[in-house]
Amino acid sequence: MTMVEAVGVHKSYGGNLVVKGIDLTVRKGEVMCLLGPSGSGKSTFLRCINHLEKIDAGTIRVAGELVGYREHRGRLHELKDAEIAERRAGIGMVFQQFNLFPHMTVLQNLTEAPVLVRREKPAAARERAHELLARVGLSDKAGAYPRSLSGGQQQRVAIARALNMRPGLMLFDEPTSALDPELVGEVLDVMRDLAADGMTMIVVTHEIAFAREVADTVTFMDDGVVVESGPPAEVLGNPQHPRTQAFLAKVL
Amino acid sequence: MKPTDTQASPVLKVVPVRRYGQWLTTAVLLGLGALAVRSILTNPRFQWDVAFGYFLNAEVLDGLLTTIWLTLVAMAVGIVMGVLMAIGRRSDNPVVSGAAALYIGFFRGTPLLVQLIFWFNLAALYPVLSIGIPFGPTFASGSANVLITPMVAAILGLGLNEGAYMSEIVRAGLQSVDPGQTQAAQALGMRKGQVFRRIVLPQAMRVIIPPTGNETIAMLKTTSLVSVIAIPEILFQVQAIYSRTYEVIPLLITVSLWYLILTTVLTIGQMYLERHFRRGDLRTPQRSFLAVFLARRTEQEQP
């Protein structure tokens with residue numbers, strides 16, 4: 001079953017074309033790592049998937065549904081805020097800068113959206129939140145405020161926060177790039193565990209080793225287009241395109 | 001500061017710098033203070049007994065209540081208008097942001113006293129005010145003289161003027177919140193309104209509250225301006241008394257004391273509010289109220 005299907009996605013910022021026609025498909029349960037030099041459009045593309053960025057042309061379907069638009073008589077009509085919000089709720093996202101809510105405790109960070117958006121009972125949301133915090137190894141931090149946590153702990157809370165919405169798809173936007181090197185491992189461990197659990201994931205990352213080990217598909221992007229895509233053994237082990245080869249030669 | 005190892009090296013006595021300038025300033029200030037106290041205690045024209053005699057006078061207390069009530073209502077109008085105008089200024093629609101800018105420019109660009117008198121005389125400009133469909137039928141109408149009472153004019157004048165200043169404060173607060181917060185909240189499926197109420201506004205409060213406290217304190221004193229349009233607030237009331245009794249100075253002392261008491265109460269309230277909205281901020285850990293108060297005083301003393 002197809003989870004994400006992008007066809008001919010274009011996106012420009014102020015006349016500057018950043019994403020220049022991306023086609024890709026992610027199956028349910030698949031882990032896709034997006035690699036590429038900075039400025040290659042991979043983060044922008046990721047943010048198009050949950051409509052944090054409006055796309056200029058093309059379509060992106062998540063679980064068969066367009067995220068920001070409705071198709072009617074061959075045209076795309078932008079959805080209202082409430083409808084977009086509803087579709088976003090099923091897509092988890094983890095940011096480079098964590099973006100935890102600093103005025104809420106860790107537990108409140110996890111329960112806020114389920115209670116507000118999904119109208120869950122607070123007790124039910126809290127119960128699941130505690131389970132998730134245990135899963136990411138932060139049971140003792142439920143009452144702490146985000147600023148008192150390390151970067152790695154904050155990012156693990158951010159993952160738990162996204163998971164508490166019970167998403168069908170998780171987007172990771174360079175989740176370890178803002179972390180001190182010794183804290184990267186703990187976050188990757190959580191993501192590895194999540195992948196093993198069968199979560200569909202799209203991960204924009206510079207962690208080649210993680211991509212090799214965990215990804216089902218590695219997609220290499222450069223200059224707004226997909227250059228090469230396939231199993232990690234092929235793309236990372238035996239890259240066909242010169243741009244992929246040049247990139248890997250630099251980072252490995 | 002870490003304790004240094006004094007055993008290893010010989011203990012040397014520290015001689016502080018002699019600050020002759022500071023000593024001189026201190027002496028002059030103490031001297032001036034003594035003169036002021038002596039004058040206050042010995043000059044019979046202060047008429048302290050009269051000033052305190054009117055402290056709990058029924059007319060004065062009536063005026064006091066009006067002052068407090070007017071401050072609260074005008075600030076409420078100001079905050080609501082301020083939030084609306086701040087949101088308007090941030091709008092992508094140039095007509096909306098332009099209208100908000102025009103509002104702010106107008107109310108900040110003309111003196112409050114002029115605005116108050118303007119509202120008071122609105123009937124001269126629009127004798128009849130009506131509710132209806134523009135260019136269409138009218139549902140209700142009334143004489144502006146009846147609808148715009150002095151109190152309504154005072155609330156409109158103070159509140160709308162305050163809204164212009166509050167909008168700049170709110171805007172600065174909203175701008176201080178990291179855009180990543182909005183993105184994270186949106187990614188969790190929150191709607192724009194929910195993002196604003198639950199995520200952006202509470203964080204903007206940290207920046208908004210201190211100047212809003214100052215505005216409230218300023219408003220408390222600014223309400224005295226409406227005495228010119230015959231609102232019986234505290235200044236108007238004491239003026240009414242001293243125009244009968246000619247006890248001008250003691251009654252001005254009475255009213256000043258009341259203003260001082262109210263501003264002090266508001267300052268303490270502001271401290272509590274600031275503490276509440278600093279939740280989660282490690283740089284300013286939570287302390288007891290007394291500790292906060294004392295720390296403030298020492299912070300102010302040590303430049």
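Proteins come first, then strands; the chains are lettered A, B, ... in the order of their sequence lines, and each starts at number 1. All values reported here derive from a predicted model rather than from experimental measurement.
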For atom [atom1] of [X], is the number of surrounding heavy atoms from other residues, nucleotides or ligands below 6.0 Å larger than 12?
X         : atom1 : value
Tyr126(B) : OH    : no
Glu78(A)  : CD    : yes
Glu86(A)  : CD    : no
Arg135(A) : CZ    : yes

Using a cut-off of under 4.5 Å for heavy-atom pairs, which of [options] has the most such pairs with chain B?
options                                  : answer
Gly90(A), Gly92(A), Ala113(A)            : Ala113(A)
Leu171(A), Ile84(A), Asn50(A), Leu116(A) : Leu116(A)
Ile91(A), Leu100(A), Val94(A)            : Leu100(A)

Heavy-atom distance under 4.5 Å to chain B: side chain of [X], backbone, both or neither?
X         : answer
Arg161(A) : both
Ala162(A) : backbone
Phe95(A)  : side chain

Open item on the list: Using only non-hydrogen atoms and a strict under-4.5 angstrom cutoff, which residues of residues 171-196 of chain B touch chain A?
Closed with: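 Contacts with chain A: Asp178(B), Gly180(B), Gln181(B), Gln183(B), Ala184(B), Ala185(B), Gln186(B), Ala187(B), Leu188(B), Gly189(B), Met190(B), Arg191(B), Lys192(B), Gln194(B).
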Open item on the list: When you measure from the side chain of His103(A) to the backbone of Arg206(B), do you find a donor-acceptor pair of N or O atoms at a distance under 3.5 Å?
Closed with: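 Flag not set: sc His103(A) to bb Arg206(B) has no pair under 3.5 Å.
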